[in-house]
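Quick notes on the structure that follows.
First listed ligand is number 1; within each ligand, the first listed atom is number 1.
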Amino acid sequence: MGSALLEYWKKGDEDFTIVDPAMEEAPDGVRLFADRDAIADETFDVVILAIKPQLIHCVMPDYAANLAEDGYVLSIAAGASIRTISNATGTERIIRVMPNLPAAIGKGASGLTSADAITVRHKAHALDLMSRTGGVVTVADEDALDRVTAVAGSGPGYVFEFARAYVDAASQLGIRTEDARKLVLQTMAGTIALALDRGDQSLAELRDDVTSKGGTTAAGLKALNGSGAVSRAVEDCLAAAYGRAVQLR
Ligand SMILES: NC(=O)C1=CN([C@@H]2O[C@H](COP(=O)(O)OP(=O)(O)OC[C@H]3O[C@@H](n4cnc5c(N)ncnc54)[C@H](OP(=O)(O)O)[C@@H]3O)[C@@H](O)[C@H]2O)C=CC1
Ligand SMILES: O=C(O)[C@@H]1CCC=N1
């Protein structure tokens, strides 16, 4: 995820340095080191935390000395709380963001929340970074960010899973797999573009616009969610993802 964000972050004026033990090649114009020791004597205006939440305790304490006196830590880690990050980095100046994978093509949806010690300048900088990768909303507190994580951070996974099942079902109906993928993805993309374009109409109204009485869509929708099974599954999905974010705090 860090690499995906960096492609758009790079469009600004900042210089970026990556420390990653396994990365073989850095994007153009970015310094890459395999070991933090290589930057032991350097300080940075922003230390970006883009490792797994479970690794924060063992990796981040080394970077405490790399944060400039008036710098801040920007975390993209799911769940990991400002308290946890502060304990690992020794600073209270922390901004948490939750991006999602479409940021890789500049179409992400991110949430942002900040610690009390964050200044207006820090927050404006983080908002600028995230807005380079797509849309960003500021939320009031960390619990709200964990809810954003369940909805948007993990969201592409749900959408891919729905699309996968949709393509499989189309194939089972006799459509060639490559045609099924094309039809399903273009249907999803076109439908979402239409909903974005018609922001004044509710999603239920838009659904009803394609649903002729006694027609094919009505028959399909009855099988899909007539019993409410899909609505309940989506509710369970978001609750489970939010629950996991809470566990990762
Ligand atoms: N994937 C997603 O869609 C999203 C992820 N996130 C968050 O982004 C973070 C990264 O997730 P994701 O990109 O999926 O995970 P990845 O495993 O793909 O990325 C983590 C990167 O950190 C590297 N790494 C591991 N140990 C160290 C270390 N000691 N020092 C420096 N780098 C290290 C990993 O290397 P190696 O591969 O060798 O282990 C890897 O390149 C997580 O906190 C996650 O919650 C947030 C929003 C969306
Ligand atoms: O699955 C995860 O934990 C990360 C955070 C949001 C998306 N991927």
Tell me if the [atom1] atom of [X] is crowded by more than 12 foreign heavy atoms within 6.0 Å.
| X | atom1 | value |
| --- | --- | --- |
| Leu196 | CG | yes |
| Glu178 | CD | yes |
| Glu25 | CD | no |
| Arg181 | CZ | no |

For [atom], what is the nearest protein heavy atom, given as residue, atom name and distance?
| atom | value |
| --- | --- |
| atom 44 (C) of ligand 1 | Ala78 N, 4.1 Å |
| atom 1 (O) of ligand 2 | Ser154 OG, 4.6 Å |
| atom 17 (O) of ligand 1 | Lys52 CE, 3.4 Å |
| atom 13 (O) of ligand 1 | Met1 N, 2.7 Å |
| atom 20 (C) of ligand 1 | Ala50 O, 3.8 Å |
| atom 24 (N) of ligand 1 | Ile51 CG2, 3.9 Å |
| atom 26 (N) of ligand 1 | Leu55 CD1, 3.7 Å |

Practice task
Show the numbers, then the answer: is there a side-chain hydrogen bond (donor to acceptor under 3.5 Å, both in side chains) between Ser231 and Asn225?
Solution key: CA-CA 7 Å; Ser231 298; Asn225 202 23; 2.9 Å; yes
How about [atom]: does it have a protein heavy atom within less than 4.0 Å?
| atom | result |
| --- | --- |
| atom 30 (N) of ligand 1 | yes |
| atom 39 (O) of ligand 1 | no |
| atom 4 (C) of ligand 2 | no |

Salt-bridge test for [X] and [Y]: reply yes if a basic N is under 4.0 Å from a carboxylate O, no otherwise.
| X | Y | result |
| --- | --- | --- |
| Arg96 | Asp146 | yes |
| Arg249 | Asp143 | yes |
| Glu69 | Arg93 | no |

Any N/O of [X] closer than 3.5 Å to an N/O of ligand 1?
| X | value |
| --- | --- |
| Pro21 | no |
| Gly2 | no |
| Asp20 | yes |
| Leu101 | no |

Exercise for the section: Examine Ile76 and Ile56 and state if one hydrophobic cluster contains both, with Ile, Leu, Val, Met, Phe, Trp and Tyr joined whenever side-chain heavy atoms are less than 4.5 Å apart. Expected result: no
Problem - Exam field: side chain Asp20 to backbone Met23, donor-acceptor pair closer than 3.5 Å - result: yes
Practice task
May I ask you to identify, for Met98, whether its side chain, its backbone, both or neither come under 4.0 Å of ligand 1 on a heavy-atom basis?
Solution key: side chain
Exercise for the section: Indicate, as side chain, backbone, both or neither, the part of Ser3 found under 4.0 angstrom from ligand 1 when only non-hydrogen atoms are considered. Expected result: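 Contact part for Ser3 vs ligand 1: neither.
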Practice task
State the atoms of ligand 2, each with its element, that fall below the 4.0 Å cut-off from a heavy-atom position in Ala78.
Solution key: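 Those qualifying, in numeric order: 5 (C).
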Per-atom contacts, ligand 1 versus [X] - under 4.0 Å to a heavy atom:
| X | value |
| --- | --- |
| Val59 | 29 (N) |
| Ala22 | 38 (O) |
| Ile76 | 6 (N), 7 (C), 8 (O), 46 (C) |
| Pro53 | 42 (C), 43 (O), 45 (O) |

Exercise for the section: Could you tell me how the ring of His125 sits relative to the ring of Tyr72: parallel (under 30°), tilted (30 to 60°) or perpendicular (over 60°)? Expected result: perpendicular
Problem - Nearest heavy atoms of Leu248 and Pro53, plus distance in Å - result: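 Shortest heavy-atom contact: CD1-CG, 4.2 Å.
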Problem - From the candidates Ala150, Pro99, Gly153, the one that places a heavy atom nearest atom 7 (C) of ligand 2 - result: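 Going through Ala150, Pro99, Gly153 one by one, Gly153 has the nearest heavy atom to atom 7 (C) of ligand 2.
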Problem - Between Tyr166 and Phe162, ring centroids under 6.0 Å - result: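 Under 6.0 Å, so yes.
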